[in-house]
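Since the structure is predicted, the reported quantities are computational estimates derived from the model, not experimental observations.
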Amino acid sequence: QVHLAESGGRLVQAGDSLELSCTFSGHRFDNYAMGWFRQAPGKDREFVARISLGGGVDAYASSVKGRFIISRNNAKKIVYLQMNSLKPEDTAVYFCAARASGAADYSSWGQGTQVTVSS
């Protein structure tokens, strides 16, 4: 019974920064790796970033590496995506997802939050 809810998406200009949040409702947040994905119009959903259970290990898509930072606060049960130097190609619906320890795939997904970057 895990539920995720993203927030923070809005219209911004190229070069701006924006932070997205994902709140986790359920037990044992620290037993889930968390990820961020995005889907632009006409494109498949793509991986953006992921973070380990304790937050010690993270990974990024090459398209956002160096610009985006994923982090988590296990006490608050929130995962964040700090996005810097935003580009028009970052425009997409951003989703957070949870993957239980030992699981092969992400089992829970949020509804998404729209990020639009104007040029």
Side-chain angles (χ1 to χ4, degrees):
Q1 297 126 0
V2 173
H3 297 278
L4 305 174
E6 306 92 340
S7 63
R10 64 180 180 90
L11 172 66
V12 298
Q13 293 185 327
D16 284 355
S17 294
L18 188 65
E19 184 179 74
L20 305 182
S21 298
C22 174
T23 58
F24 176 102
S25 296
H27 297 293
R28 300 299 303 277
F29 176 63
D30 60 354
N31 201 42
Y32 291 84
M34 299 295 296
W36 283 98
F37 297 78
R38 66 187 182 186
Q39 186 168 26
K43 295 185 177 181
D44 293 331
R45 183 175 296 181
E46 66 173 336
F47 164 79
V48 175
R50 60 174 170 264
I51 188 167
S52 63
L53 278 61
V57 180
D58 52 24
Y60 300 89
S62 60
S63 59
V64 306
K65 188 176 182 180
R67 297 190 297 121
F68 291 10
I69 301 173
I70 187 171
S71 63
R72 65 191 294 163
N73 186 318
N74 283 357
K76 295 182 177 181
K77 298 196 289 186
I78 299 175
V79 62
Y80 305 94
L81 184 67
Q82 176 64 49
M83 305 183 292
N84 301 310
S85 301
L86 283 163
K87 304 174 180 180
E89 51 263 44
D90 293 320
T91 295
V93 176
Y94 283 72
F95 301 88
C96 67
R99 183 176 66 198
S101 179
D105 297 311
Y106 292 88
S107 58
S108 300
W109 295 80
Q111 293 299 304
T113 185
Q114 177 71 50
V115 174
T116 302
V117 184
S118 64
S119 60

Mutual orientation of the aromatic rings belonging to F95 and W109 [parallel < 30°, tilted 30-60°, perpendicular > 60°]: perpendicular

N/O donor-acceptor pair under 3.5 Å between E6 side chain and C96 backbone: yes

Check against ring-ring contact (aromatic ring centres under 6.0 Å, His included), F47 and Y60: CA-CA 8 Å; F47 164 79; Y60 300 89; 8.2 Å; no

ring-ring contact (aromatic ring centres under 6.0 Å, His included) between F29 and F24, worked out: CA-CA 7 Å; F29 176 63; F24 176 102; 4.9 Å; yes

Gap separating the CE atom of M34 from the CZ atom of R99, nearest 0.5 angstrom: 11.0 Å

From CG (N31) to CG (N74), nearest 0.5 Å: 10.5 Å

From S85 atom OG to R67 atom CZ, the distance as rounded to the nearest 0.5 Å: 7.0 Å

Closest non-hydrogen atom pair between I51 and S71, with its separation: CD1-CA, 3.6 Å

Beyond-backbone contact of Y94 with M83, side-chain heavy atoms, under 4.5 angstrom: yes

Closest heavy-atom pair and its distance - A33, Y106: O-CE2, 4.3 Å

Nearest-0.5 Å distance that lies between atom CZ in R38 and atom CG in D44: 13.5 Å

Value rounded to 0.5 Å, distance of CD1 in I70 from CZ in R50: 9.5 Å

Single-linkage hydrophobic cluster L4~V115, side-chain heavy atoms < 4.5 angstrom: yes

Straight-line distance of S63 OG to F68 CZ, nearest 0.5 Å: 7.5 Å

Pairwise side-chain contact, S7 with T113, heavy-atom cut-off 4.5 Å (strictly under): no

Side-chain touch T91/Q114, heavy atoms, less than 4.5 angstrom: yes

Closest approach of A14 to P88 (non-hydrogen atoms, all atoms of both residues): CB-CD, 4.2 Å

Stepwise side chain to side chain contact (heavy atoms under 4.5 Å, CB included) test for S25 and V2: CA-CA 6 Å; S25 296; V2 173; over 6 Å; no

Whether over 12 other heavy atoms sit under 6.0 Å from Q13 CD: no

Any donor-acceptor pair under 3.5 Å from S118 side chain to V12 backbone: yes

Side chains of S108 and H3 in contact at under 4.5 Å (non-hydrogen atoms): no

R72 and Y80, any side-chain heavy atoms less than 4.5 Å apart: no

L86 side chain reached by L18 side chain, heavy atoms, under 4.5 Å: yes

Nearest atoms (heavy-atom pairs only) where L20 meets G9: CD2-N, 3.5 Å

Nearest atoms (heavy-atom pairs only) where G112 meets V93: CA-CG1, 3.8 Å

Nearest non-hydrogen partners of L81 and A49, listed with the distance: CD1-CB, 4.3 Å

Pair K77 + D30: basic N to acidic O under 4.0 Å: no

